Amino acid sequence: MNWIDHKTYIEVFPPKEFNFQECLIFLGRSHQEILHKIKEGTLYKLLKVEDAIIFCKISYTSDSIRVKFPISKPSSYHREKVGEYIWEWFDLEQDLQGFYQMAESDKVLNLIVDKYYGLRIMCIPDLFEALVWAIIGQQINLTFAYTLKERFVEEFGEFITFQGENYWVFPSFEVISTLNVEDLKKLQFTTRKAEYVIGIAKDMKSRILTKKMLLEKQDYHEVKKALMNIRGIGPWTADYVMMKSLHETSSFPIADVGLHNALKTILGLKEKPTIEEIKEYAANWEGWQAYATFYLWRLLYDKEI
DNA sequence: ATCCAGGAACTGT
DNA sequence: ACAGTTCATGGA
């Protein structure tokens, strides 16, 4: 992490290939998002670091991301943790030169990489949040997925109020592990999804599943296998979580409907491409499938904004 | 009303 | 290993 601690605020320095505004467009894709707010180019988010609740005001100035703390000043230890969160959230560890080099000569990606230059995968550093969000999103439209997430967070998460508005942190697996299926069905989770979410919360509480243990595995297939071993996690969810929480640039949620629609749009196809056709388009994406997917997703938000 | 949504588990072969 | 079925409900 490249950062400076100024005590009253922190400054995080992204690599050269970075465009804060592009990232904000992705973060602002849904008005139903409950885990952050964007106002006049500034991002507001509530973080929980161990037992400390930290409210952050995040903005970009010339060449750095500045994080201020409008409510209370965190300790030195907590400021560093906030910096690490920002570093992960914006996926700042990646060197994108390889991706852009590959994309330049790629039939599909060359159509969009210049347009979205500096966009990074907006990650979900909290593994539990990434897993739950993926499971919520399985087989339902995004609008309803956000509605379910909103109910879930407002029912089981913590919040603070700042200038008349509430800011939430995602519920912890400790809390969710104590629930029963009915508690989630009330929020209109299906029985299956309720079982999956609670099961994962229990696995994480008992440390059968940790982010650390997944990150320690070196091989992509080994991580994917470990994830798919968990009930509720199939190929799509495994790749989605590897992309959004584990910074695995080779992950490729190839069955993703959003990806299919994006390809259909950008290539002017009559029908959504088949998996086999996508594999052909992706022949040169090796090592960067996650970024290719994310850039194609970004295409879908141009219309709405 | 009809189709499908950022799938996965389960069942039968 | 693979195909078909079930789950289950809101949004466009």
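Predicted model only: the values in this text are computed from it and were never measured. Order of the sequence lines sets the chain letters (A, B, ...), proteins ahead of strands, with each chain counted from 1.
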Using a heavy-atom cut-off of under 4.0 Å over every strand shown, decide if A:I230 touches base, sugar-phosphate, or nothing. sugar-phosphate
Mind checking A:Y196 for me? I need base, sugar-phosphate or nothing, with any heavy atom below 4.0 Å counting as a touch. sugar-phosphate
side-chain N/O A:R192 vs C:dT6 OP1/OP2, d < 4.0 Å: no
Regarding A:E248 and A:S250, do their side chains bring together a donor and an acceptor under 3.5 Å, going by distance alone? yes
Most 5' of A:G258 and A:I233 on DNA chain B, judged by nearest nucleotide: A:G258
Interatomic distance, A:K193 NZ vs C:dT6 C1' [rounded to whole Å]: 14 Å
Is a salt bridge present between A:E84 and A:K81, judged by a nitrogen-to-oxygen distance below 4.0 Å? yes
For a ring pair (Phe, Tyr, Trp, His ring centres under 6.0 Å) with A:W133, tell me which candidate from A:F152, A:F170, A:Y146 qualifies. A:Y146
Any A:I208 side-chain heavy atom under 4.5 Å of A:M204 side chain: no
Within this structure, what is the NZ-to-P distance between A:K185 and C:dC7, rounded to whole angstrom? 12 Å
What's the closest nucleotide to the side chain of A:K272 if the choices are B:dC10, B:dA8, B:dA5? B:dA5
Separation of atom CD1 in A:I135 from atom C1' in C:dC7, rounded to whole Å: 15 Å
Strictly by salt bridge (Lys or Arg N to Asp or Glu O under 4.0 Å), give each pair with a member in residues 138-157 of chain A just once, sequence neighbours left out. A:E33-A:K149
Expressed in angstrom and rounded to an integer, what is the separation of A:E195 atom CD from C:dA8 atom C1'? 13 Å
Expressed in angstrom and rounded to an integer, what is the separation of A:N261 atom CG from B:dC4 atom C1'? 11 Å
When the P atoms of B:dT2 and C:dA8 are compared, how many Å lie between them, rounded to an integer? 23 Å
Please state how far atom NE2 in A:H260 lies from atom P in B:dA5, giving the value in whole angstrom units. 10 Å
Using a heavy-atom cut-off of 4.0 Å across all strands, would you classify A:P253 as base, sugar-phosphate, or nothing? nothing
Rounded to whole angstrom units, what separation is found between the CD1 atom of A:I136 and the P atom of C:dA8? 16 Å
Using a cut-off of under 3.5 Å, enumerate the N/O to N/O pairs linking the protein to nucleotides 9-12 of chain C.
unit_1 : atom_1 : unit_2 : atom_2 : d
C:dG10 : OP1    : A:Q188 : NE2    : 2.6
C:dG11 : O4'    : A:N141 : ND2    : 3.1

With no hydrogens and no angle check, just 3.5 Å: does a side-chain donor-acceptor pair link A:N19 and A:Y60? no
What do the steps show when you test A:H6 against A:E11 for side chain to side chain donor-acceptor pair (under 3.5 Å), and what is the final call? CA-CA 7 Å; A:H6 296 278; A:E11 204 174 9; 2.8 Å; yes
Whole angstrom value for the distance that separates P of B:dA9 from CG of A:N229: 10 Å
